[in-house]
Structure formats: C-alpha cells, structure tokens
Amino acid sequence: MSIDATAGTFRRSRTVPVHRALPGLMRDPVNALAEMGRRAKGEVVRLDLGLFRPYLVTHPDHVQRVLRAEWTGYRRDGMFWRPLRRMTGASVLGEDEPWESSRKVLQPLFTRRYIATLAGEMAKVITGCVSRLDAYVTSGRPVDIMEEMSRIVNRAVIRVLFGDRITPEEGELLAPAYDTAATSINFRLLMPFMPYSVRVPGDRAFMRAVKTVDDVVFPVIRQARAEHGDGHDVISALCRVGQEDGGAPLDDQQIRDNLVSVYGAASESTAMTLTWLWPLLEAHPHVAARLQEEIDRVVGAGPVTPEHLPELRYTGMVLQELLRLYPAGWIFPRMAARTAELGGTRIKAGAQVLISPYATHRLDEFWERPLDFDPERFAPGARDGAHRYSYFPFGGGPHQCLGKHLFHVEAPLIVAAVLSRFRLQVAAGPYTPFPAASLRPREKVMMNLLPLRHAPGAAA
Ligand code: HEM
C-alpha cells in the first residue's frame with residue numbers, strides 16, 4: 001500500500017554525496033551504479049551529481065511499484081528518453097497516445113505464436129550468415145565478435161521487420177547508423193541537464209545517423225504501401241492498419257517511427273547481449289562444455305531449425321543467466337509525474353528515478369554470489385518463490401518488452417548455429433561495460449574460430 005504523498009510521513013532519502021558518487025561514475029558508470037545499489041541494500045538513495053540528483057531504485061518491491069503498480073506516476077521522459085526520441089519519434093517507445101496505439105498494433109506481431117510462424121525463415125537467414133564465418137577459419141583471421149553478432153542479428157531482424165523489401169546493401173547501412181546513434185547518445189545520457197540548444201559531443205553524429213536511417217526506411221514504406229501486400233513482415237502489417245476494421249490508417253511518419261523504434265530495440269539489444277556470451281563461456285569451461293554437449297546432441301552438424309528449440313534447455317538457462325549479468329537494457333529511467341512516496345522516501349514531481357536491472361540483479365539480498373556466472377540459477381524450479389522483480393531483463397508492467405519471445409527464438413538459434421559449426425577461442429577478459437543505449441563491452445572482443453570435427457571442411 002502506498003503512503004499518502006502529501007501527508008508528510010516521509011523520511012529524507014539517504015544521499016550519496018557528489019565526492020563519493022562522481023569519481024566512480026566517471027570511471028565505470030555501470031558498475032559504480034550497481035555498487036551504490038549494493039551498498040544501499042535496496043534502500044532508495046539519492047545521488048548527488050551536482051546539477052543532477054536522481055533517485056536510484058533497486059529493491060524489487062520498489063521496482064515493481066514504479067514499473068507496474070504505480071506506472072502512470074513514472075513516465076518515460078527526461079534522461080535517456082528525450083535524446084532517444086530524436087531517433088524514435090512518437091512511437092511504441094514513447095508515452096500516452098502514440099505508445100498506446102502503437103503497442104496495440106504491434107503486440108499481435110510479437111506473440112509467441114506469431115513469432116513461431118517466422119522462426120523457420122529466421123533460422124535459414126541465421127544459418128546463411130553463420131556459414132559466412134567459414135572465411136575466418138580458412139584465413140585464420142580473428143573475428144570481431146560485436147561486429148559479427150550485429151551482422152547476424154541485423155539480417156534476422158530485418159527479415160522479421162521488412163520481409164524481402166530491403167536489399168542486403170541497404171540493410172548493411174542500418175547497422176552502423178544505429179551503432180553510431182547508440183554510442184553517440186552517451187554524453188547526453190550522462191549529462192541529461194544539458195539543454196538541447198547547446199551542441200554536445202555526439203549530437204552531430206547522432207543526427208547524421210537519423211538521416212541515414214530515414215533515407216533507407218521512407219522509400220521502403222512508400223514501396224510497401226504501393227504494393228498493398230499481405231506479407232507477415234511488420235512493415236506490411238503496419239501498412240494494413242485500418243484496412244480491415246475501418247479505423248484510421250497510419251501515416252508514413254507513424255510507420256517510420258515504429259519501425260525505427262522496434263528495429264533499434266530489437267537489433268542492438270540482442271547483438272550486444274550475445275557479444276557478452278563468448279568471453280563468459282571462455283572463462284567458464286564447464287558451462288561451455290555442457291552447452292556444447294547439448295548442441296552436439298540436439299543439433300549435431302546442423303542446420304539448426306525451430307524444431308530443435310524445445311530441446312535446447314541448457315542453452316535457454318545460459319541465456320537467462322547471461323541476461324541477468326549483462327541485461328542490454330541496463331538502465332531505463334523514469335520521471336516522477338507527481339510527488340510520491342517510495343520506500344518511505346519522498347520522490348518529488350519531476351525528479352528522475354533510475355531503474356537498473358544491472359544493479360538489481362547484483363543485490364546480495366536476492367542473489368547468492370551475485371557476480372558469479374551460474375546458469376543453474378535458472379534450472380527448472382530453481383526460481384520458485386523468487387521475487388518477480390528481482391530479475392527483470394525485459395522490464396515489467398505495461399511497458400514490458402515486446403520482443404521477449406523474439407529474443408528467445410533468435411538467440412538460441414544463433415548460439416546453436418555458431419556452436420554446431422565452430423569451436424571458439426576468446427580472450428576471457430575482463431571486459432568493462434560501456435554505458436551506451438544497450439550495454440556493451442568497452443573493449444573489442446576478438447575470437448579465433450576453429451572448425452568442429454563434424455563441420456563441413458573440418459579435418460576428419
Ligand atoms: C536482449 C534482448 C532485449 C532486452 C534485454 C530488452 C529489454 C527491454 C526492456 C528492459 C524494456 C522496457 C523498457 C521500459 O520499461 O521503459 C523493453 C521494451 C521494449 N522492447 Fe525490448 N529488449 C530486448 C529485445 C527486444 C526485441 C528483440 C524487440 C523486438 C520487437 C524489442 C522491442 C521492445 C519494445 C517495442 C519495447 C517497448 C515496449 C513498450 O513500451 O510498450 N526488444 N525491452
């Protein structure tokens with residue numbers, strides 16, 4: 001039950017002073033935030049960052065109230081969302097009417113059942129992309145994992161969103177543009193009080209990226225409209241809005257905003273998550289061996305198909321643990337719409353509230369040995385009785401991620417396609433999380449690919 005926000009029954013929030021908060025945040029913002037959450041033991045704390053004084057909210061009870069029970073009081077505004085909106089426009093990543101109507105249109109296209117109809121096509125695209133990695137085996141050149149994961153995920157996501165309406169060359173323009181946008185937003189993420197009339201590092205690159213994306217997406221929308229297609233892809237579905245029920249159709253800008261938002265949410269997050277996987281496997285050989293055994297047994301020499309997915313149970317556990325330690329949506333702030341109480345602390349209207357699965361997933365009170373990578377945490381029954389909001393890589397409440405089912409089809413297909421073909425050698429790290437729109441390693445992650453014995457071209 002919430003306390004009446006006007007009744008004066010609050011205590012003052014504990015504040016982390018600027019001289020303790022700032023140095024860590026400058027050095028390694030992601031881990032510094034998690035460390036402040038750990039020290040507060042789930043209590044709501046205020047971070048004094050000089051001009052900017054957000055609240056850090058990590059306790060699962062409080063996260064649940066912000067994301068679900070009292071979600072209308074905490075809006076996606078200010079830090080992170082405002083700069084992002086220069087790319088995403090008025091879409092499913094927004095609030096109020098644009099969000100509500102977009103979510104209604106998009107939700108049916110990302111259900112478990114609908115995604116199952118796309119899985120076969122996705123598996124073929126992924127197998128094709130992974131087989132191109134053979135070139136690295138032949139040449140002995142190391143692979144930049146982030147680059148390759150992005151390439152594979154992009155092809156698969158483009159297939160789901162655009163069907164065959166976009167050429168591989170156009171598709172190849174989108175990935176680097178989003179990459180630039182995701183990393184160049186970083187300054188505004190860390191300095192949210194900077195007015196937009198002041199140009200900051202990254203602004204110019206961000207706006208160039210928006211133009212590149214628009215130059216690819218608008219012509220495809222116009223073409224899709226002209227064809228009146230009945231395709232399963234998302235762009236066809238968006239073009240059909242209003243045709244069956246006589247409702248208002250979406251205009252080009254509304255279709256663009258939603259496509260661009262979903263593409264950004266889908267591609268960056270999945271590619272960055274999978275980038276973290278390979279160094280973790282290198283550092284945990286017993287996990288890698290069990291994963292490899294499962295994929296050898298279920299998929300063999302491949303190709304992987306959607307029919308293999310129900311058997312890839314350990315792969316699923318590994319991916320869930322990966323999302324615990326490296327949730328791509330590592331922070332998604334909210335702005336208090338009105339003065340409220342949270343954990344006995346007064347949150348003033350207009351204040352920024354930081355929700356970070358990265359921090360909550362590392363709380364000692366809810367996770368044993370929280371920094372250890374241990375997929376057994378997600379063995380059947382192991383999480384029975386756990387707090388729903390102690391683990392929320394896909395958020396929760398009405399804004400819960402639309403792409404959860406897509407991730408749980410696409411990611412195991414990619415992992416199985418790679419491990420049914422190659423043995424990997426990666427430098428185990430450590431790698432520092434870089435606070436871009438999706439969590440990514442600051443350092444390049446390079447790996448060597450060796451053929452498996454049963455892979456085509458491998459020595460017998
Ligand atoms: C590793 C994979 C992914 C992670 C960790 C992730 C995480 C998240 C999180 C934390 C949110 C909640 C944001 C908030 O509450 O403000 C979210 C929302 C969203 N995600 Fe994902 N996501 C992933 C993949 C995807 C994919 C594949 C799609 C493709 C459809 C997608 C589409 C969306 C959309 C459209 C929203 C906004 C939903 C709304 O506000 O109604 N995501 N995601």
Side-chain angles (χ1 to χ4, degrees), residues 57 63-64 66-68 71 74-81 84-85 88-112 114-115 118-119 122 149-150 153-154 156-161 178 233-235 237-238 257-277 319-335 353-361 389 391-415 437-440:
V57 171
V63 172
Q64 179 162 19
V66 170
L67 294 186
R68 199 163 83 94
W71 70 282
Y74 297 95
R75 297 169 58 76
R76 292 200 293 206
D77 206 346
M79 179 190 185
F80 182 76
W81 298 107
L84 200 67
R85 237 154 252 164
T88 57
S91 73
V92 70
L93 291 179
E95 282 287 4
D96 304 321
E97 161 45 26
W99 165 70
E100 212 171 312
S101 55
S102 305
R103 175 119 195 163
K104 208 163 126 209
V105 169
L106 289 168
Q107 192 142 323
L109 305 174
F110 291 98
T111 59
R112 199 191 298 268
Y114 197 87
I115 292 299
L118 306 172
M122 218 169 1
M149 289 299 114
S150 299
V153 169
N154 272 313
V157 170
I158 281 173
R159 191 79 199 172
V160 172
L161 294 188
Y178 272 85
D233 54 283
V234 174
I235 192 168
L238 290 174
D257 288 351
N258 277 308
L259 270 179
V260 164
S261 298
V262 174
Y263 178 91
S267 51
E268 270 281 310
S269 54
T270 306
M272 294 311 126
T273 303
L274 290 177
T275 301
W276 288 105
L277 174 66
L319 289 170
Q320 280 179 296
E321 175 67 344
L322 178 67
L323 285 168
R324 184 185 71 82
L325 275 181
Y326 296 104
W330 67 283
I331 192 168
F332 39 100
R334 294 291 193 260
M335 185 184 271
V353 168
L354 307 182
I355 299 285
S356 167
Y358 188 92
T360 299
H361 294 177
Y389 283 82
Y391 179 69
F392 60 105
F394 294 105
H399 285 301
Q400 167 143 26
C401 179
L402 216 55
K404 190 174 156 181
H405 301 306
L406 177 56
F407 175 83
H408 282 302
V409 169
E410 186 185 8
L413 286 175
I414 294 175
V415 173
S438 289
L439 192 68
R440 55 173 64 202

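Ligands are counted one by one from 1 in listed order, and the atoms in each one are counted from 1 as well.
- Here the side chains of T360 and Y389 are not in contact, with every heavy-atom distance at 4.5 Å or above.
- Counting protein heavy atoms only, atom 16 (O) of ligand 1 is closest to R334 NH1, 2.9 Å.
- Proximity of the aromatic rings of W71 and W99 is defined here by a centroid distance below 6.0 angstrom, and this criterion is met.
- Contact check for H361 versus L323: no side-chain heavy atoms found under the 4.5 Å cut-off.
- Contacts between L406 and ligand 1, counted as non-hydrogen atom pairs separated by less than 4.0 Å, involve the side chain only.
- For atom 1 (C) of ligand 1, the nearest protein heavy atom (residue, atom name, distance) is T273 OG1, 3.2 Å.
- For P393, the heavy-atom gap to ligand 1 drops under 4.0 angstrom.
- L109 contributes atom CG, which lies 9.5 Å from atom CG of D233 (distance to the nearest 0.5 angstrom).
- At a heavy-atom cutoff of 4.0 Å, ligand 1 is contacted by the side chain of F110 but not by its backbone.
- Only the side chain of W81 comes within 4.0 Å of ligand 1, counting heavy atoms alone; its backbone N, CA, C and O stay farther away.
- At a 4.0 Å heavy-atom cut-off, ligand 1 touches H399 through backbone and side chain alike.
- Contact of the R324 side chain with the E321 side chain is registered, since non-hydrogen atoms from C-beta on lie closer than 4.5 Å.
- Inter-residue side-chain proximity for L67 and F332 is flagged as met; some heavy-atom pair is nearer than 4.5 Å.
- Contacts between E410 and ligand 1, counted as non-hydrogen atom pairs separated by less than 4.0 Å, are absent for every part of the residue.
- Among protein atoms, those of element N, O or S found less than 2.8 Å away from atom 21 (Fe) of ligand 1 are C401 SG.
- Applying the ring pair (Phe, Tyr, Trp, His ring centres under 6.0 Å) rule to F110 yields no partners; only residues at least two apart in sequence or on another chain are considered.
- Note: E95 CD to W81 CH2 = 8.5 Å, rounded to the nearest 0.5 Å.
- The residue among R76, R75, E268 with a heavy atom at the shortest distance from atom 40 (O) of ligand 1 is R76.
- Interatomic distance, CZ of R103 versus CD of Q400, reported as 7.0 Å (0.5 Å rounding).
- The CD atom of E410 sits 9.0 Å away from the CD1 atom of I115 when rounded to the nearest 0.5 Å.
- With a 4.0 Å cut-off on non-hydrogen atoms, L93 touches ligand 1 through its side chain and not its backbone.
- In E95, neither the side chain nor the backbone holds a heavy atom less than 4.0 Å from any atom of ligand 1.
- Distance check, rounded to the nearest 0.5 Å: CG of L402 to OG of S261 gives 11.0 Å.
- Taking only non-hydrogen atoms, the option from Q107, R103, E100 nearest to atom 41 (O) of ligand 1 is R103.
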